[in-house]
There are 2 protein chains.
Amino acid sequence: MNPVSPTFSPLYRQIKELVLQSLDAGEWKPGEPIPSEVELSARFGVSQGTVRKAIDELAGENLLVRRQGKGTFVASHSEPVTQFRFLRLHPNEGEREQPESRLLEVRRQRASSEVARVLDLKAGESVVYVRRLLVFGGTPIVLDEISLPAPLFKGLDAQMLNAHEGSYYGLYERQFGTRMIRAEERIRAVAADAEAASVLGVEKGAPLLCVDRTAYTYGDRPVEFRRGLYRTDQHHYRNSLV
Amino acid sequence: MNPVSPTFSPLYRQIKELVLQSLDAGEWKPGEPIPSEVELSARFGVSQGTVRKAIDELAGENLLVRRQGKGTFVASHSEPVTQFRFLRLHPNEGEREQPESRLLEVRRQRASSEVARVLDLKAGESVVYVRRLLVFGGTPIVLDEISLPAPLFKGLDAQMLNAHEGSYYGLYERQFGTRMIRAEERIRAVAADAEAASVLGVEKGAPLLCVDRTAYTYGDRPVEFRRGLYRTDQHHYRNSLV
DNA sequence: CAGTGGTCTAGACCACTCT
DNA sequence: GAGTGGTCTAGACCACTGC
């Protein structure tokens, strides 16, 4: 009948879409519980099983967290367990330890054409530019350059960035109501330039992992571009293929 | 009651386990259909919904493929759509194209201590060692060194490797009944040595991506160790974080 | 048309948390 | 004990495939 786009979508997907809209609108904040399954099934006029299937998918995408006996909660980057979700770097030997984040620079600037493209901005629009170091056990391992659309992050300054605990994504959602839900990374091997070499304590020309990350919020709207240079002599980037 | 290990597992997980055992035992081969849901629910004496939930999980782990109106099939590496599932390399510009695999070397040798460790062998056990090049549009991009436990791959030789189409994993399952279902990768940036530089057509010391992959079959048994050196001037390794 | 997987319902009972 | 999510059932109907 309609070979191009499905004119039909099952009920549970429509429910999922409605819940997504409420999440996007901020009806329930990160860390807070959403209404119970029976409550939602009453609100939407469907069976509990249909609500369950919608929530199952959202939980599978890490947007919601189910806790038996307690309820279903909006996923949050502020919880300790979530700290390492987006940092795939592991030490070659031993356990992962909490890194120290050392802020090097914060300023507003005009978006480069590359940053404008990935953040879906017009060339020259204002961005917040952050440069920082991740230090593991006293050794600088990651040099990050972060670009954020300035209008979404009004008031972000060095003091806020220094005061935060854990990953920046917790700060984004607490202070600016922008919750990051997904990211794409592109990884290359590059030679350290003089600047990176000095900051990371390696020879100029030494091989570094270059990780370009674009992070998205609800509705696939890009909200952060981050270029990380990783020292991988004592660490490696870990990935599972399934 | 039992705080250490769950003494109980839900019915659908037990069903899942039984289906997994049949898959491992080769009761149904890759590409073949498994029995229908009603058939399985009769066999196991549970409702169709319980079987569905078991199969849902297996399909979510890419061990089974559902096809509405046709049946549920054992996932296979021999199908065209599966070709790129484990190769995360993309061109910086343009579409992915089918690479040519250029075999450099095949031989039996004793496992190094590193290979023995990841493949869970005793040091010195026999492995098949394969060295090959992946060539995209005439340019060598990936240099792979592959180690396989020799007992599992009796009779693997250059002729078989040259005759195959697509990824080696299709060959493994067709010729040796070993189906790869999961892999772990560890990624570092390294400097090209003289040998790699000459084969990949870069300067000695040029940065390369070094991707160490351990591949597993049913029951988390390791069956392949692969070290790939990737040129990433025209390509990048892509990864999604969710 | 019969057979497959996909959706939806209603209801029962279980496991867990909190008060 | 009340309220939450988790499991299991039985049955109805829909959508897709192939004969």
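Lettering follows sequence order; numbering is per chain, from 1. Quick caveat: nothing in here was measured; it's all calculated off a predicted structure.
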Check whether the side chains of [X] and [Y] place a donor and an acceptor atom closer than 3.5 Å, and report yes or no.
X: A/E224; Y: A/Y172; result: yes
X: A/S101; Y: A/R132; result: yes
X: A/Y12; Y: A/D56; result: no

Using whole Å, report how far [atom1] of [X] lies from [atom2] of [N].
X: B/F44; N: D/dC8; atom1: CZ; atom2: C1'; value: 16 Å
X: B/I15; N: D/dC8; atom1: CD1; atom2: C1'; value: 11 Å
X: A/E57; N: C/dC8; atom1: CD; atom2: P; value: 11 Å
X: A/Y12; N: D/dA15; atom1: OH; atom2: C1'; value: 13 Å
X: B/Q68; N: C/dG5; atom1: CD; atom2: P; value: 10 Å
X: A/D56; N: D/dT7; atom1: CG; atom2: C1'; value: 12 Å
X: A/Q48; N: D/dC8; atom1: CD; atom2: P; value: 16 Å
X: A/R66; N: D/dT7; atom1: CZ; atom2: P; value: 9 Å

Could you say whether A/V46 or B/R52 is positioned toward the 5' end of DNA chain C, judged by the nucleotide with the nearest heavy atom to each?
B/R52

Nearest heavy atom decides the nucleotide; on that basis, is A/G49 or B/G69 closer to the 5' end of DNA chain C?
B/G69

Using a cut-off of strictly less than 4.0 Å, decide whether [X] has a side-chain nitrogen or oxygen near OP1 or OP2 of [N].
X: A/S36; N: D/dT4; result: yes
X: B/T72; N: C/dG5; result: yes
X: A/K70; N: C/dC18; result: yes
X: A/R67; N: D/dT4; result: no
X: A/K53; N: C/dT7; result: yes
X: B/T50; N: D/dT9; result: yes

B/K16 pairs by side chain to side chain contact (heavy atoms under 4.5 Å, CB included) with which of B/Q21, B/K53, B/E61?
B/E61

In terms of ring plane angle, is the pair A/H236 and A/H90 parallel, tilted or perpendicular, where the classes change at 30° and 60°?
parallel

Report the nucleotide, chosen from [options], that has the shortest atom-to-atom distance to any side-chain atom of [X].
X: A/E37; options: C/dC8, D/dT9, D/dG5; result: D/dG5
X: A/S47; options: D/dT9, C/dA10, D/dT7; result: C/dA10
X: A/P10; options: D/dT7, C/dG5, C/dT7; result: C/dT7

